[in-house]
Structure formats: structure tokens, C-alpha cells
J.: 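Mind looking over this structure? Questions follow.
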Amino acid sequence: MKKSQFNLKKVMKEGNYNMNYTEVYKLISKPWFNTEDIKKLCQCGNKKAIQIRKLVEEEVISKGKTLPISCYKAIPTPLLLKYLNIDVNYVYEMAKKEQEMGDI
């Protein structure tokens, strides 16, 4: 799967929403991501979030696996994080530091 050019540190500094690491950690702790979750994490619009979701969906299907059929499309969180090149351990450590400092 091609890696995205997503930069978590840049989004958290320059994004419109400015999520802290604790919020990011709570979001990426979900087992499935839908378009709205992708929009929050990537600080992007609906069109870009759908594009990201479809790329991950194609990766799953190309490996001979299937996704749940529902009216609410979702993708596995680990595959999205791999595509976005997000280090869960880094986010966890930073969220832990935020909580220790009382910045939540």
C-alpha cells in the first residue's frame, strides 16, 4: 500500500480543530474508522476522507478479504494508521505525558 504524505505533528499544530494527543489516541483506539472519523483525524474535507477510505478499502479487497456490508462504510483502524504512517506508540506516549501534565 502506498504511504500517504500525512504528517500528524503538522496537523495538530496547524489544523482547524487542534486535537490534543489524548483526543487522537481516543479516536485511533476505535476498531473501525468511518468517513467522519477520517475527517477528524486528517483535518480534511468529505471528498478527501472518502478518497482515503476507498484506497484502504481497495487494499483490503486486493488481498482477497472483505469488509462488512452496511449502509455505514468503515475500514479497519490498523490499515488506516498504516496508510497514514501514524505511530500508535508515539501518540500513546504523548497522550500519557499530556495527562501527567494535566493538559486534558
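Model, not experiment: these values are computed from the prediction. Reckoned from all heavy atoms, side chains included, excluding hydrogens, waters and symmetry mates.
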J.: For a quick test of reading the model, state the closest non-hydrogen atom pair linking P31 to P78 and the distance between them.
T.: O-CD, 4.4 Å
J.: Pick from N34, V60, T35, I38: which one makes a side-chain contact (heavy atoms from CB on, under 4.5 Å) with I75?
T.: I38
J.: Same cluster or not: V88 versus L84, using hydrophobic residues (I, L, V, M, F, W, Y) connected whenever any side-chain heavy atoms lie under 4.5 Å apart?
T.: yes
J.: Mind checking side-chain hydrogen bond (donor to acceptor under 3.5 Å, both in side chains) for T77 and listing every partner two or more places apart, or none if nothing turns up?
T.: none
J.: Minimum heavy-atom separation for C42 to I52, with atom names?
T.: SG-CD1, 4.0 Å
J.: Would you name the heavy atoms of L67 and P76 that are closest together and state the gap between them?
T.: CD2-CD, 3.8 Å
J.: Looking only at heavy atoms, what is the nearest atom pair of C44 and A49, with distance?
T.: SG-N, 3.7 Å
J.: Verify salt bridge (Lys or Arg N to Asp or Glu O under 4.0 Å) between K63 and E59, making sure each step is shown before the conclusion.
T.: CA-CA 6 Å; K63 290 184 177 180; E59 177 69 19; 3.5 Å; yes
J.: Can you list everything that forms a side-chain hydrogen bond (donor to acceptor under 3.5 Å, both in side chains) with E58? Sequence neighbours excluded, please.
T.: none
J.: Once you measure the plane-to-plane angle for Y92 and Y25, does it fall in the parallel (<30°), tilted (30-60°) or perpendicular (>60°) bin?
T.: tilted
J.: Is the backbone N or O of N20 less than 3.5 Å from a side-chain atom of E23, with the two atoms forming a donor-acceptor pair by type?
T.: yes
J.: Can you hop from I50 to Y83 via hydrophobic side chains spaced under 4.5 Å?
T.: no
J.: Where is the tightest heavy-atom contact between M94 and Y21, given as atom of each residue plus distance?
T.: CB-CG, 3.4 Å
J.: With a 4.5 Å cut-off on side-chain heavy-atom distances among I, L, V, M, F, W and Y, is there a chain of contacts connecting L79 to I61?
T.: no
J.: Does the distance from a Lys or Arg side-chain N to an Asp or Glu carboxylate O, for E36 and K39, drop under 4.0 Å?
T.: yes
J.: Do L41 and F33 make a side-chain contact, defined as non-hydrogen atoms from C-beta onward lying under 4.5 Å apart?
T.: yes
J.: side-chain hydrogen bond (donor to acceptor under 3.5 Å, both in side chains) with K30: which residues, sequence neighbours excluded?
T.: D37
J.: Shortest non-hydrogen contact from K40 to M19?
T.: O-CE, 3.2 Å
